[in-house]
Structures are given as structure tokens and as C-alpha cells.
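First comes the structure, then the notes that go with it.
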Amino acid sequence: MLKLAPALLTGFVAMGGWAVVTVKDLPEYFVAGQQYTIEFQVRQHGRTLLSGLRPQLVIESAATRDVVIPAVARSAAGTYAVTFTAPTAGQVQFTIRSGFGNSELRLYPQTVVAVGGSRPAMAARDRGQMLFVAKGCNTCHVNSDLTARPANQALTVGPELGGRHLAREYVVQKMKNPASQIMPDLGLTDAEAAAIAVFLSGDRAAASGR
Ligand code: HEC
């Protein structure tokens, strides 16, 4: 499984490079009309934090035409922030254009609730699946367990993670301390790592636990 990486990587570099976008603190849902600031990082080949880019957030929703909002650089290397107002209640589609070549990250559709509306509780497995894409894992790892995967470019830099039933402790350990030349530590919180581990374990019993 590990031996495929070097040859493929050489190919991708020749194609002009690619980047991993990692969203920080993605809310479980948004409230219509409220302002949000979302931070994200861009890493070339998943490793080198890239400063000096001009990333953009593209917002698609039924209510409005596509909105494109430029992100601003934060002082930390390769870190950007974008501020926007959540559209009316319904589904909203966010895409982050990294500004590095054509590399972009399309998230799962996000839920926008009305002010005072009911707040959907998200099962750990679904949260984990959403974060698997939003953190950039899917940029390097194909995963056949993803439901209605957002249409992102799929690279096979790391092993396929679908149908593997990986032990949760092993997955958390790997995220927190990849000890790898290729897989980065993306700085996930414990709660984020735990949700992704539930998703990758395929553990239905834990799927509704929080
Ligand atoms: C830049 C590419 C890259 C990114 C981004 C990345 N990985 Fe990996 N990952 C790898 C590679 C390459 C390996 C296998 C070699 C190694 O361990 O270094 C790996 C190994 C793994 C393994 C061990 C698989 C096995 O067969 O034992 C798990 C689990 C894993 N990654 C989960 C994740 C998760 C979850 C994320 C997102 C938080 C993530 N990876 C992000 C490249 C990446």
C-alpha cells in the first residue's frame, strides 16, 4: 500500500502541483442572516503552508446567485479567513478556491437554519464524514464509504480508507502524530479527530454517540 506514493507524487508535481485545503472550526450548521468568519489553511502537497495566495470562497444557494468572496491572509503562515453572511434557510454549497493553481475544495452541502429555527443534531459519523472532506483528508485518501462525495479531484497519495473498519484509537493516533514524510499533522481538535475516527471505523454503534 505504501509503495505507490513516490511514483504518483512525481506525476502530480509534474502536473503543476496541488494543495490541501483544511477548514478550521466548521460549524455543524449556520443561522440565516448571521455573519461568520471561517479560517482555513493551504498546504502545498499537504505539507508546506503557502502564504501570499489570494483564495476565495464561493457560496452557492437556492436563494441567491453565486457569491464569490475574497479571503484575507492571517498572520500565521498559510492561513486565511473569509467573512460572509449566511443565506436564507436551506442548503448552501461552499467551495474554497485555494488560489494555488486550480486546486479547490468543495465541501459537503451545509445546513442553514432560520433564526430561532430548530437546530439539527448531527450524528458523529456524519460529522466525521463532513470533516473528512473539510479537513482535506479526501484530497489524499480515496474513500468508498463517502455518501454523495462532493466533486473534488481525487488523488491517491495515501491508502484507500473505505471499508477498512480501522480501529478508532489507531486513526486518532495517526491524525495526531502521523510520523510520516507525506501525511501532515493538520492540527485537528480532539473532538474533530474523534468524529473522523468514528466515520473511518465504520462503527454503527458509535455513530450516534457524541
Ligand atoms: C498529503 C496527503 C495526506 C493527507 C492530507 C492525509 N493523509 Fe492520511 N496518509 C497519507 C499517506 C501517504 C499515508 C500512508 C503512509 C504514511 O503513513 O505516511 C497515510 C496514512 C493514513 C492512515 C493509515 C492507513 C493505513 O492503511 O494504515 C490513516 C488512518 C490516515 N492516513 C488518515 C487520514 C486522515 C483522517 C486525514 C485527514 C485528517 C489524512 N489522513 C490526511 C497521506 C495523507
Side-chain angles (χ1 to χ4, degrees), residues 1-26 28 38-50 53 55 77-80 96-98 100-108 122-147 149-150 152-203 206-207:
M1 203 82 71
L2 307 187
K3 49 193 176 306
L4 51 74
L8 286 174
L9 277 173
T10 317
F12 295 133
V13 174
M15 274 158 50
W18 50 281
V20 172
V21 173
T22 303
V23 179
K24 265 195 101 170
D25 301 329
L26 183 65
E28 288 193 15
I38 285 192
E39 232 179 62
F40 57 91
Q41 293 183 308
V42 183
R43 289 177 173 82
Q44 183 175 15
H45 306 152
R47 295 206 68 92
T48 313
L49 285 162
L50 286 173
L53 300 176
T79 306
Y80 303 87
I96 295 172
R97 293 181 183 153
S98 73
F100 182 67
N102 290 328
S103 106
E104 58 177 35
L105 179 70
R106 201 170 161 80
L107 302 186
Y108 268 103
M122 196 178 254
R125 184 223 171 258
D126 295 341
R127 175 85 176 144
Q129 169 172 265
M130 183 174 110
L131 291 172
F132 187 82
V133 170
K135 294 294 176 183
C137 315
N138 194 214
T139 308
C140 286
H141 292 281
V142 174
N143 189 326
S144 54
D145 293 341
L146 291 168
T147 316
R149 188 181 87 87
N152 289 305
Q153 193 184 6
L155 306 181
T156 43
V157 179
E160 153 81 54
L161 296 178
R164 300 273 307 273
H165 301 286
L166 296 167
R168 285 198 264 163
E169 309 72 52
Y170 171 67
V171 175
V172 169
Q173 165 69 22
K174 187 70 194 167
M175 282 183 276
K176 293 278 182 184
N177 181 19
S180 167
Q181 301 281 356
I182 303 170
M183 176 159 157
D185 177 353
L186 296 170
L188 273 60
T189 65
D190 289 350
E192 290 170 336
I196 291 179
V198 167
F199 168 60
L200 291 181
S201 72
D203 187 346

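Just follow the structure's listing: the first ligand is 1, and inside any ligand the first atom is 1.
Summarising the geometry, atom CZ belonging to Arg164 is positioned 9.5 Å from atom CG belonging to Leu200; distances are rounded to the nearest 0.5 Å. Within the model, atoms OG1 of Thr22 and CD of Glu39 stand 12.0 Å from one another, a figure rounded to the nearest 0.5 Å.
Using a 4.0 Å cut-off to heavy atoms of Gly46, the atoms of ligand 1 that qualify are 1 (C). Close approach of ligand 1 to His45 (heavy-atom distance below 4.0 Å) involves ligand atoms 1 (C). For ligand 1, the atoms lying closer than 4.0 Å to a non-hydrogen atom of Leu161 are 24 (C), 30 (C), 32 (C). Contact atoms of ligand 1 toward Gly158: 10 (C), 11 (C), 12 (C) (distance under 4.0 Å to a heavy atom of the residue). Listed by number with element, the atoms of ligand 1 under 4.0 angstrom from any heavy atom of Gly136 are 5 (C). Shown in contact with Ile182 at under 4.0 Å from a heavy atom are these atoms of ligand 1, numbered in order with element: 1 (C), 12 (C).
Ile96 is not listed as a side-chain neighbour of Tyr80, based on a closest heavy-atom distance of 4.5 Å or more. Side-chain contact check for Glu192 versus Asp25: some heavy-atom pair is nearer than 4.5 Å. For the pair Asp190 and Lys176, the minimum side-chain heavy-atom distance is below 4.5 Å.
Residue Tyr108 comes nearest to Val133 through the heavy atom pair CE1-CG2, 3.6 Å, listed as atom of the first residue, atom of the second, then distance.
Contacts of Pro184 with ligand 1, taken as heavy-atom pairs under 4.0 Å, involve the side chain alone.
Look at Arg164 and you'll find a heavy atom under 4.0 Å from some atom of ligand 1. Note on ligand 1: Ile196 sits in its first shell, one or more heavy atoms being nearer than 4.0 Å.
Within a 6.0 Å sphere centred on CG of Asp185, other residues, nucleotides and ligands contribute more than 12 heavy atoms. Counting non-hydrogen atoms of neighbouring residues, nucleotides and ligands closer than 6.0 angstrom, the NZ atom of Lys174 exceeds 12 such neighbours.
Geometrically, ligand 1 and Gln181 share no nitrogen or oxygen pair separated by less than 3.5 Å.
Within the set Glu192, Met175, Lys174, the minimum heavy-atom distance to atom 22 (C) of ligand 1 is found for Lys174. The heavy atom nearest to atom 14 (C) of ligand 1, considering only Ala179, Pro159, Ser201, Gly187, is found in Pro159.
Between the NE2 atom of His141 and the SD atom of Met183, the angle taken at atom 8 (Fe) of ligand 1 works out to 170° after rounding to 10°.
No donor-acceptor pair closer than 3.5 Å links the side chain of Arg125 to the backbone N or O of Val198.
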